[in-house]
Amino acid sequence: MPQIPIIMPQLGESIAEATIIQLLVPAGAEVEMHQDVLEVETSKATTTVTSPCRGRIVKWQVQLNESYPVGETLGYVEATQEEIASQGLDNPKPEVEQSPIDHPAAQAVPIPALDGPPVVRRSVEPRIKGLPVPASAVGASYMSPRLKARMQELGLHAADMAGIAGSGAGGRVTIEDFERYIAHLEKQKLTEASSMRVAVADAMRRSWTRPIATVGVMAELDNLLEHRKRFNPRPGPALYALRALARALSEDRAPAGRLVGSKIVHPPAIDIGFAVEAEDGVLVPVIRNADRQSLRELGPIYNQLVEQARKRSLPVQATGGSVATVTNFGTFGLVWATPIPLPEQTLVLGLGVGRKMPKWDEATQQFLPATCAYLTLSFDHRVLDGGAAGRLLTRVVALMEEPEQL
């Protein structure tokens, strides 16, 4: 009797393959047309593959927990000639022949099947050569259950897969790609990352799961530089930025909120952290109620926390729970940067290096030298839009340019 192939269907607009989770019907069993015969998992959902006609499952050509591309033959249904003709299956559709797996650039790769002769699988070769990662590789955007289990066994995350060039359908990373990558790494020089580096990496990985955006504006610092001469010791620009941010947030607390599910969590206090570079990482001491203390009151607290952070001896009450962080990347000579807010925060304010530049003076109708620096505000775009972030940053700049208000 004739046999009709069961083909991996297109299960979504951007779906290139699916993983076999369960055989719903064993080989040799009778099936009806459109009966669910396989359970598969894609990068978006779990769904089923149905029988193309009424008949008997002759054999399966798949393995559980293996991924198969769209257009792949998964098995065969034996049916009568009358059934095949009634369903219009006696004339093969050209779409199957035009499947991406039949591209001229494809390579045949034999793999073992559950039963019967080896199945021919194909992998598409990248068309652009000489790149560290092929241009067609999309990385581990989809991972099969088998690959996820192997990564969990090794304590790896999806971010660790960014450098792997996938050979699967659509450039997906297969378990074979993963094992080759691990074998290659084991031949390189490896050192243990410090506990701080691992902690920073984990925080940034969690932070980047959110949509982060950045706005920036230039601030004139001459008044600030003149104002700080009245203090001993003199506060740095970062402390002015911290105090200005705390003051601005006290005037409008909405930007300090966090989105959790469908709720906005409003902070009970304006606690501001600031980044301090430590050995192999960054620590973020926190000044509590920064909006209720003047710049002069904040100075000794700030200096003490900086010293404790550099010695890695911060007290517990001086860490965590802040609504925002201030970072002075200008100390490294950087003009502009896009820092990332901590996972529990919505905002991070960045301060660039101050430089002399010409500024137009309306009174004298000429350009005069001014010390200016860029300020950036990176924010969780789920909580703030560009307008709200821009107004907050503009207010911070206005306060820094009139330091007497701080």
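Here the structure is a predicted model, which means the values were calculated and not measured.
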Quiz item: Could you give all pairs that pass the side chain to side chain donor-acceptor pair (under 3.5 Å) test and reach residues 27-36, with sequence neighbours left out?
Solution: Asp36-Thr48
Do [X] and [Y] come within less than 4.5 Å of each other through their side chains, counting heavy atoms only?
X	Y	value
Thr394	Arg391	no
Asp291	Arg253	yes
Phe379	Val215	yes
Ser322	Gln345	yes
Thr19	Val40	no
Thr214	Leu377	no
Thr174	Ser67	no
Asp222	Lys356	yes

Is a side-chain donor or acceptor of [X] paired with a backbone partner of [Y] at a separation under 3.5 angstrom?
X	Y	value
Thr73	Gly75	no
Asn223	Glu401	yes
Tyr302	Leu242	no
Thr371	Leu221	no
Thr376	Thr338	no
Glu83	Arg54	yes
Asp252	Ala254	yes
Glu297	Ser294	yes
Gln365	Glu362	yes
Asn289	Arg292	no

Quiz item: Taking all atoms of both residues into account, what is the closest heavy-atom pair of Ala244 and Leu406, and its distance?
Solution: CA-CD2, 3.9 Å
Quiz item: Taking all atoms of both residues into account, what is the closest heavy-atom pair of Pro255 and Leu347, and its distance?
Solution: O-CD1, 3.6 Å
Calculate, to the nearest 0.5 Å, the distance between atoms [atom1] and [atom2] belonging to [X] and [Y] respectively.
X	Y	atom1	atom2	value
Glu277	Thr327	CD	OG1	9.5 Å
Ile6	Cys53	CD1	SG	8.5 Å
Leu349	Leu393	CG	CG	6.5 Å
Met151	Ile182	CE	CD1	9.0 Å
Tyr68	Leu38	OH	CG	10.0 Å

Quiz item: When you check the gap from the basic side-chain N to the acidic O, do Arg258 and Glu344 get nearer than 4.0 Å?
Solution: no
Quiz prompt | Carboxylate-amine/guanidinium proximity below 4.0 Å for Arg247 and Glu251 | solution = yes
Practice problem: Please assess Val276 against Val284 for the test side-chain contact (heavy atoms from CB on, under 4.5 Å), listing each intermediate value before the final yes or no. | Solution: CA-CA 6 Å; Val276 178; Val284 182; over 6 Å; no
Under 3.5 Å, side-chain donor or acceptor atoms of residues 303-315 against the rest of the protein: list the pairs with distances, not counting sequence neighbours.
unit_1, atom_1, unit_2, atom_2, d
Asn303, ND2, Gly299, O, 3.3
Ser313, OG, Gln308, O, 3.3

